[in-house]
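This report refers to the structure that appears directly beneath it.
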Amino acid sequence: MVPTIHNGEMVYVKPASVASLRRGDIVLVRATTDFRMHRLVVADAGRDVFITRGDCGGQDDPAVRGDQILELPWPKRCG
């Protein structure tokens with residue numbers, strides 16, 4: 001997620017409401033073997049299809065269901 005979130009940076013999260021997710025939101029996703037925090041490029045709550053991609057990523061991540069989206073990061077605070 002560089003440059004928005006840097007590796008090793010602490011991120012605070014809050015529960016996600018799937019119905020309110022929009023393209024461009026950054027979300028914490030439970031993948032098959034790990035977790036990832038990436039930006040939504042597709043957010044279709046009606047079809048329960050969500051696709052993410054890292055900001056520096058060249059390709060989309062595999063699609064996930066809404067129940068795999070765990071949380072949204074709180075806004076960063078400086079200082």
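Only heavy atoms go into these numbers, but all of them, side chains included; no hydrogens, no water, no symmetry mates. Numbering starts at 1 and runs along the sequence shown.
- By the salt bridge (charged side-chain N to carboxylate O under 4.0 Å, His left out) test, D44 pairs with R47, sequence neighbours left out.
- Here OH of Y12 is found 14.0 Å from CD of E71. Values are rounded to the nearest 0.5 Å.
- Closest approach of V18 to G66, counting heavy atoms only: CG2-O, 3.5 Å.
- Note that the NE2 atom of H38 and the CD1 atom of I26 stand 10.0 Å from one another [nearest 0.5 Å].
- No salt bridge links R39 with D25; every basic N to acidic carboxylate O contact stays at or beyond 4.0 Å.
- Rounding to the nearest 0.5 Å places OG of S17 at 10.5 Å from CD1 of I69.
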Step by step, would you call V11 with M37 a side-chain contact (heavy atoms from CB on, under 4.5 Å)?
-> CA-CA 10 Å; V11 177; M37 186 167 284; 3.9 Å; yes
Go through the steps to decide whether D61 and R53 satisfy the test salt bridge (Lys or Arg N to Asp or Glu O under 4.0 Å), and finish with yes or no.
-> CA-CA 6 Å; D61 300 319; R53 181 187 318 145; over 6 Å; no
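- A19 and A45 make their closest contact through CA-CB, 4.3 Å (heavy atoms, listed as atom of the first residue, atom of the second, distance).
- V29 pairs in a side-chain contact (heavy atoms from CB on, under 4.5 Å) with only one of the listed residues (V64, D34, L70), which is V64.
- Contact of the R36 side chain with the T52 side chain is registered, since non-hydrogen atoms from C-beta on lie closer than 4.5 Å.
- If you chain together hydrophobic residues whose side chains sit under 4.5 Å apart, L40 and V49 never meet in one group.
- Looking only at side-chain heavy atoms (C-beta outward), V27 and F50 stay at 4.5 Å or farther from each other.
- Rounding to the nearest 0.5 angstrom, the gap separating the CG atom in D48 from the CD atom in Q68 is 8.5 Å.
- Taking the salt bridge (charged side-chain N to carboxylate O under 4.0 Å, His left out) definition, one finds that D67 meets it with R65, sequence neighbours left out.
- Applying the side-chain contact (heavy atoms from CB on, under 4.5 Å) rule to R23 yields no partners; only residues at least two apart in sequence or on another chain are considered.
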